[in-house]
2 protein chains.
Amino acid sequence: MGQGHPPTRVSARPTLADVATLAGVSAATVSRALSRGDSVRSDTRQRVLTAIEALDYRPNRAARGLSTGRSGALGILVPDIANPFFAELIRSAQAGARAREKVLLIADTEQSPGEELDLLESLAGQVDGIIMCSPGFGPKPPRPHLADVPMVFVNRRVDGVPAVVIDQGAIVRMSVAHLRDLGHKRLAFMAGPDRLWSSQQRLDAVRALEGVVGLEIVVLGPFEATFEGGSNAAEPLMASGVTGVIAFNDVMALGLMARLTSTGVGVPAEMSVVGSDDVPLAGMWTPTLTTVAAPVRAAGGSAVDLLSALIEAGTPAARPATHMPGSLPVRRIELEGHLVVRASTAEARA
Amino acid sequence: MGQGHPPTRVSARPTLADVATLAGVSAATVSRALSRGDSVRSDTRQRVLTAIEALDYRPNRAARGLSTGRSGALGILVPDIANPFFAELIRSAQAGARAREKVLLIADTEQSPGEELDLLESLAGQVDGIIMCSPGFGPKPPRPHLADVPMVFVNRRVDGVPAVVIDQGAIVRMSVAHLRDLGHKRLAFMAGPDRLWSSQQRLDAVRALEGVVGLEIVVLGPFEATFEGGSNAAEPLMASGVTGVIAFNDVMALGLMARLTSTGVGVPAEMSVVGSDDVPLAGMWTPTLTTVAAPVRAAGGSAVDLLSALIEAGTPAARPATHMPGSLPVRRIELEGHLVVRASTAEARA
DNA sequence: CGATATGATGCAAGCGCTTGCACATCGCGA
DNA sequence: TCGCGATGTGCAAGCGCTTGCATCATATCG
């Protein structure tokens, strides 16, 4: 390509130049009218806009990208698309991206840490910034050239990397308060995998609560953050002699309830169960699950906002905060969930 | 951008030219070594490859795209990312895309037909081809300029548009055969939404089966293809007096079972239930669900294959089959699922 | 009323790559 | 020995856009 067609433009898509011609201005003006609408007289812009409309012109992203050095794409790395939590996160991120006329590249690590690095690298080459929802590898992005692409974490706090986090302590406190209000005295906390930041945070919150609220909390686990993991918790749970349990997330709670029910333990009659996230299934299960709804949509949107700000600022996330103090965007957004009371919790037996 | 830096290249990413210099050849040669490896002497290519390695060079997609007119991206339009069926489809499509060094742009219509058109249009501008899994609008892509981008449908048959379909008749036949083998004489078929191609196909298959296999099949519905939709089918189902039911998909089957169980109807003791798709949840439910597993991974992979072939052929899907007969790629791929027997089906009561 | 600051527009270069064509080189048969 | 087709490389144009600078028209001031 790139060679001299004899000037037989058949019916190719219109270009900037076509618009310019029709509007009677130069390509530069059209370009400016499109980007920073200022610096073009408003009647000129009007003419340009009309021409664009008339030709049904749409800018060529590749050309723009080549010129600006930005692809107009954002990447998001998740551990599992099928997980409703991440599916929802993706949706909201996508909505945010669309609103900014950017596209979202989704990479699914399928829970594999090895894959994760690979994907991260290949993403890094194609996008202007990355939203990391995958909790896989250690605290620092390993390969040096990755440091060049702005990045924000979701539900993971790493020194100096901007993040959107859901307040894990609040989740625990809400759950505990709910159960306490129902008269439960002895509670269990079903821990998720140690490697998850959110899991550690919850544990910390639990520990901070032990004793001080006049009830006993026993920690079970860790268990895998899956349906199966939840099932596996049933036995130790029953052995612990508590009347209420707080699960690390809904899927585990569901697994737990399934096992409980099938072994003849009544929920909530004999055991109250609280989940976390409020996945759609939580409202469909029998019994429906009391849970702390995660502000997922907000999280996705915020992540995109934050990332965009970072990109705008041309800040490769790791730049030392020496120069231009104060000019950096917010580097951390904290969100809070809310309790959704359903049928899996009830008053403690007298 | 695009302006004369005083030649102070700081530490920008290496370009083709850098590689060329290091390898002692021209940029053209490097380019050729990278694309069609023939037409370059093998020792030359070796030198080029070494240089690439040394510089950790990676081609700039925008530049390539601008030059070739191809973005190297594929689009996939799904009605719901969170639906495990589509999540899996996306995964396999993504794997296929990756293998071809292409990226996958995912668009989620969130079940809204209006949104769908919008998304389709905006996708069309950014990708080389589209995989349509969303069953929304009528038989023909509406806007004319969409006809320019190659497209393949999944589980939807449209005149002249290439497609990957899962044999719906086979699903019905397997399910029926299974129940018949268990001694059931009167069966119900729980229909999905009329607008779905797959739903219509199943209905046709059911009708074709009525009578001929010596059993009675009553058709219920249509119901929405959701958990709730399944629940709603419980009442008419019990009224129909059958002993076995074939649900349009797993999610509906699960909804049905939940309602059945909660109203005291034993599954499978009093009612055998067969689903379709084999979503992960099917194996976790109580009781576990007998279902016809859909060859989803194969479908995703095939869709990418088919689409790539189409793109390669430069065939905008609608070109009349006049010239170059036989040179067109396969236009339809048919896949078959298989029965997974679990605990939701049992022998008919004597 | 001429000099000057200001804002709007055009010019043209260049982003990093692909590719048609021209050219050099080689081996071969005549 | 020369001519000739292959074969392998290089040249340079151009993909559609952005943007620094020059230019020009207009508003502002002395």
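Protein chains get the first letters and strands the later ones, always in sequence-line order, with residue 1 at the start of each. For clarity, every value in this text was computed on a predicted model and none was experimentally measured. Only this structure's heavy atoms are used, side chains among them; waters, hydrogens and symmetry mates stay out.
The CZ atom of A:R64 sits 16 Å away from the C1' atom of D:dC15 (whole-angstrom rounding). Rounded to a whole Å, the CZ atom of A:R13 is 14 Å from the C1' atom of D:dC17. We find that CG of A:L34 is positioned 16 Å from P of D:dG16, with the value rounded to whole Å. Protein atom CZ of A:R45 is 10 Å distant from nucleotide atom P of C:dT9, rounded to whole Å. Here C:dT9 presents its P atom at 13 Å from CD of A:Q46, a figure rounded to the nearest Å. If you measure from atom CG of A:D43 to atom P of C:dA8, you get 10 Å, rounded to the nearest angstrom. A straight line from CZ of B:R58 to P of C:dC17 spans 13 Å, rounded to a whole angstrom. Atom CZ of B:R47 is separated from atom C1' of D:dT9 by 11 Å (rounded to the nearest Å).
Under 4.0 angstrom from either OP1 or OP2 of D:dG10 there lies at least one side-chain N or O belonging to B:T29. For the OP1/OP2 pair of C:dT9 and a distance below 4.0 Å, the side-chain nitrogens and oxygens of A:T44 include at least one atom meeting the criterion. Taking side-chain N and O atoms only, B:S67 has no distance below 4.0 Å to OP1 or OP2 of D:dC15. Between C:dT9 and A:S26, no contact under 4.0 Å exists linking OP1 or OP2 to a side-chain N or O.
Nucleic acid contact for A:S31: base, since at least one base atom lies under 4.0 Å from a heavy atom of the residue.
Taking both residues in full, the closest heavy atoms of A:V154 and A:A303 are given as CG2-CB, 4.2 Å, listed atom of the first, atom of the second, then distance. Pairing each heavy atom of B:G129 with each of B:V149, the nearest pair is CA-CG2, 3.7 Å. B:P79 and B:T109 get closest at one heavy-atom pair: CA-OG1, 3.2 Å. Closest approach of B:L66 and A:A62 over heavy atoms only: N-CB, 3.8 Å. The two residues B:A27 and B:A20 make their nearest non-hydrogen contact at N-CB, 3.6 Å.
Among C:dG16, C:dG10, D:dT9, the nucleotide with an atom closest to any side-chain atom of A:L66 is C:dG16. Distance from the side chain of A:L16 is smallest to D:dC17 among C:dA12, D:dC17, C:dT9. Nearest nucleotide to the A:R32 side chain, out of D:dC15, D:dG20, D:dC17: D:dG20. Of all nucleotides listed (C:dA12, D:dC17, C:dC17), C:dC17 comes nearest to the side chain of B:Y57. Taking only side-chain atoms of A:A63, from C-beta outward, the nucleotide of D:dG10, C:dC17, D:dG16 with the closest atom is D:dG16. Residue A:R41 places its side chain closer to C:dA8 than to any other of D:dC17, D:dT18, C:dA8.
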